[in-house]
Amino acid sequence: MAHAKAVDAPPPSGPVERGTGGNPWLVLLAVSLGVIMVMLDGTVVGIANPVIQADLKASLSDLQWVTSGYLLALAVFLITAGKLGDLFGHKRVFLIGVAGFAISSVGIGLSAELAEIIPGVTPVGALIGLRVLQGLFGALLQPAALALLRAAFPGEKLNQAMGAWGAIIGLSSAAGPIVGGVLVEKVSWESVFFINAPVGVVALIMGILLIKENRSQTLARIDWLGVVLLSGAMFSLVWTIIKAPEWGWGDSTTLTFIAVFVVLIGAFVFWQSRAKQPLVPLSLFANPSISIGTFLMMMVAFAMFGAMFFLGFFFQGVHGLSPLEAGLRMLPMSAGMIVASPLAGMALGRFGPKITMASGLLVTALAMFLMSRLSIDASFIESGIPFVLLAFGLSPVFVGATEIIVGNAPVQLSGVAGGLQQSAMQVGGALGTAILGAVMAGEISDTLGGYLGPAAASIPPEQLVALEKAAAFGTAPPGLSEQIGNAVHLSFMDGMHLAFLVSTCIAVLTAALTLFVKAGRKTEGAPVHVG
């Protein structure tokens, strides 16, 4: 087995810039604007899903693929994208990501038109395919953004930068449901994707003018075998997560893909221990904080993205709200992050990651538990309180885990660290959407018949299956009796409540892991094992 070689990290060129040059707060503004585009896309898609379902006659599986296809592309490509930034320059990769994300967003808005001119392609198929392409460009954008921040700010100010970054992203998240609701209701669902075009143009101009290039001074090439092995392993994992609820977790196809993942990830780890310039230096994981921070990010994303997937259907399907009204209902959470994120950065600097992140996870658990108690006619206050708590619970965890992963990594591997952080988030989100979706579907199937009562005996099996699928959207087909409509809504609520309870348990169990993390390093120049 080849011995690891220690390469000294290049010393910082100044007290602030460390490679990017210029004012670090302007760099923060420029990279945040690019990430805002991604955040806007995430929040508005949630609002648009019910309208997309009705307009394109999409199934629940189709809508899950609108989300999961995007997550799959991100998860497969993020770490490689981070390495590309380390090698070719984070500014260059960031700008390519911004431009590609904006262009693919416009393509998504034109899905129906593209389906008409491309033989054999349906509007839903075009939408999903372009979401995958959008995910690939998002993968280029996000690790590069974190790497540029890591290089721009000295270690003692990284917490502040991450807190401010979180606040800016919170602002975009707060605007997303409102902007998305207005666009969906007054214009069309396509317009929620078109909005990325002007945002992308502004982000490109600011990036070109405000960011100076930075890249690793110790890397010379890409570990292409590592790229193939890791991409194959990540694809097998996320594909299994997405499809297992449909195939069955004990099905031979599911077990085959799991076996492929195990073999490929084993081969990847073996190769990384021998490669001269590995894609992911295994010495990164010798730091327990990076390993635990990665797992924390994955588990929090599991709880949040998995459970939050259903809220748009709850507000619009069960509650009967318009897209704009649904966006207003979700505003307390995203708006709360504007306040919570900078406070989280300050708390991390004063109390350290252990207390701050553990407290955040416990608050998150409380918020999820309150959501599991939401009634079918919950008021704005009843849903708003847990949303605000969720903002103040999640912010310390997201800011803290990001700082732990990126801050503990050597600066010349910050792109890889940023890709690792984002991969953990996307894999966790895909896990949450698939597993909690399966949990919810199972609960609906178990409870719907009981709510239907004697009427269930007169409903043909195929219609009962259709009602179960409708319940997953929180809606009942038109023309049915009030009793059947109520049964569909009540079974949806049972499924959603169970999903939130599972998320509550995950948040509580994950809180214990924060006791083993340490804050990011404050100085550079420590030896870094690269091969």
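Residue numbers count from 1 along this sequence. Keep in mind that what you see is a predicted model, and the values were worked out from it rather than measured.
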Asks: Would you please test L95 and L204 for side chain to side chain contact (heavy atoms under 4.5 Å, CB included) and show each step?
Replies: CA-CA 6 Å; L95 294 178; L204 277 173; 3.9 Å; yes
Asks: For I108, is there any backbone N or O sitting under 3.5 Å from a side-chain donor or acceptor partner on S111?
Replies: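 Yes.
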Asks: List the atom of A391, the atom of G336, and the distance in Å for their closest heavy-atom pair.
Replies: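 Nearest heavy atoms, A391 then G336: CB-C, 3.7 Å.
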Asks: Let me confirm one number: the CD1-CE distance from I211 to M206, rounded to the nearest 0.5 Å.
Replies: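 Output value for this atom pair is 8.5 Å.
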Asks: Run the side chain to side chain contact (heavy atoms under 4.5 Å, CB included) check on F194 and V106 step by step: do they pass?
Replies: CA-CA 5 Å; F194 290 145; V106 173; 4.2 Å; yes
Asks: Provide the closest heavy-atom pair for S105 versus F193 in the form atom of the first, atom of the second, distance.
Replies: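 Heavy atoms of S105 and F193 come nearest at O-CB, 3.3 Å.
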Asks: More than 12 heavy atoms of other residues, nucleotides or ligands under 6.0 Å from CZ of F295: is that the case?
Replies: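 Atom CZ in F295 is not crowded, with 12 or fewer foreign heavy atoms closer than 6.0 Å.
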Asks: With rounding to the nearest 0.5 Å, note down the distance linking CD in Q272 to CG in L230.
Replies: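 It is 7.5 Å, given to the nearest 0.5 Å.
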Asks: If I compare all heavy atoms of W189 with all of V192, which pair ends up nearest, and what's the gap?
Replies: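 Minimum heavy-atom contact is O-CG2, 2.9 Å.
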Asks: How long is the straight-line distance from CG of L210 back to CG of L33, given to the nearest 0.5 Å?
Replies: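 Going from CG on L33 over to CG on L210, the span is 10.0 Å.
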Asks: Begin from the C-alpha positions of M299 and L509 and carry the test side chain to side chain contact (heavy atoms under 4.5 Å, CB included) through to its verdict.
Replies: CA-CA 10 Å; M299 288 297 96; L509 293 173; over 6 Å; no
Asks: Atom CG of L84 and atom NE2 of H90: how far apart are they, to the nearest 0.5 Å?
Replies: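 It is 10.5 Å, given to the nearest 0.5 Å.
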Asks: Please report the shortest heavy-atom distance between A145 and V31, naming the atom on each side.
Replies: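 The pair with the smallest heavy-atom distance is CB-CB, 4.0 Å.
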Asks: Please table the atom pairs, donor to acceptor, closer than 3.5 Å between any side-chain atom in residues 252-266 and protein atoms at least two apart or in another chain.
Replies:
| unit_1 | atom_1 | unit_2 | atom_2 | d |
| --- | --- | --- | --- | --- |
| T253 | OG1 | D251 | OD2 | 3.1 |
| T254 | OG1 | G248 | O | 2.8 |
| T256 | OG1 | S252 | O | 2.7 |

Asks: If you take all heavy atoms of K91 and L148, which pair is closest and at what distance?
Replies: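 Shortest heavy-atom contact: N-CD2, 4.1 Å.
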Asks: Decide yes or no on side chain to side chain contact (heavy atoms under 4.5 Å, CB included) for I290 and I404, but give the supporting numbers first.
Replies: CA-CA 6 Å; I290 292 179; I404 286 169; 5.6 Å; no
Asks: What distance do M371 atom CE and M496 atom CE have between them, rounded to the nearest 0.5 Å?
Replies: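 Here the interatomic distance stands at 9.0 Å.
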Asks: For the atom pair CH2 (W247) and OG1 (T240), what is the distance rounded to the nearest 0.5 Å?
Replies: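 With rounding to 0.5 Å, CH2 (W247) is 6.0 Å from OG1 (T240).
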Asks: Could you check whether any side-chain N or O of T514 sits under 3.5 Å from a backbone N or O of T510, counting only pairs where one atom can act as donor and the other as acceptor?
Replies: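 No.
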Asks: Are the side chain of S104 and the backbone of F101 linked by a donor-acceptor contact shorter than 3.5 Å?
Replies: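 Answer holds: yes.
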Asks: With the side chain counted from C-beta on, respond yes when L130 and L110 share a heavy-atom pair under 4.5 Å apart, and no when they do not.
Replies: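 Heavy-atom side-chain distance check fails, nothing below 4.5 Å.
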Asks: Check for a donor-acceptor pair, side chain of S191 on one end and backbone N or O of S188 on the other, with a separation under 3.5 Å.
Replies: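 Yes, the answer is positive, given that a donor and an acceptor are paired below the 3.5 Å cut-off.
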Asks: Measure the shortest side-chain to side-chain distance between M368 and I506 over non-hydrogen atoms and say whether it is less than 4.5 angstrom.
Replies: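 The answer is no; the side chains never approach within 4.5 Å.
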Asks: Looking at every non-hydrogen atom in both residues, tell me the closest pair between F77 and A139 and how far apart they are.
Replies: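 Reported closest heavy-atom pair: CD2-CB, 3.7 Å.
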